[in-house]
Amino acid sequence: MRYLLLLGGPDHHARWDALPEKQKQAAYADFGAFAKAVAERGELIDGDALQPATTARTVHEDGAVTEGPFAESVEQLGGYYVIDVPAIDDAVALAKLLPKYFAVEIRPTQGVQIR
């Protein structure tokens, strides 16, 4: 089963830039532990960090285009992973390995791959 893990938090780009190098290295270690654990339980399909929310464009139902993310919120998406693991409990356990300054939303996908 494929799951989308959405990483979010308040102004994560500024928070990341302000982190001491030691904490950044610990976060990189967490990302590495996550990738290793995913490989042991299933498959990492895709993942990436996102540019700041200020770079987003939103196309609305009426076709209007606005600058910025869809919702005005203190918390914004910072990155994502798509993983393929047997069950949501596996996805939850893996999400707990990611750096603690992210909230991680886990959603099963519909299983329809569009290419």
Task: Flag side-chain contact, heavy atom, 4.5 Å: Y3 against V85 - done: yes

Open item on the list: When you compare the side chain of L5 with that of I83, does any pair of heavy atoms fall below 4.5 Å?
Closed with: yes

For residues 24-47, run the donor-acceptor check on the side chains, cut-off 3.5 Å, and write out each pair with its distance to 0.1 Å, sequence neighbours left out.
unit_1, atom_1, unit_2, atom_2, d
Q25, NE2, E21, OE2, 2.6
D46, OD2, Y80, OH, 3.0

- [ ] Taking all heavy atoms of M1 and all of P108, pick out the closest pair and write down the distance.
- [x] CE-CB, 3.5 Å

- [ ] Give, for atom CZ of R57 and atom OG1 of T66, the distance between the pair rounded to the nearest 0.5 Å.
- [x] 9.0 Å

Task: L50-L6 co-clustered via ILVMFWY side chain contacts under 4.5 Å - done: yes

- [ ] Using the test side chain to side chain contact (heavy atoms under 4.5 Å, CB included), find all partners of V59 that sit at least two apart in sequence or belong to another chain.
- [x] V65

Open item on the list: Going by side chain to side chain contact (heavy atoms under 4.5 Å, CB included), name the residues that satisfy it together with D17, two or more places apart in sequence or in a different chain.
Closed with: none

Just distance, no hydrogens or angles: give the donor-acceptor pairs under 3.5 Å from side chains in residues 88-105, sequence neighbours left out.
unit_1, atom_1, unit_2, atom_2, d
D90, OD2, A87, N, 3.2
K100, NZ, K96, O, 2.4
K100, NZ, L98, O, 3.4
E105, OE2, R107, NE, 2.5
E105, OE2, R107, NH2, 2.9

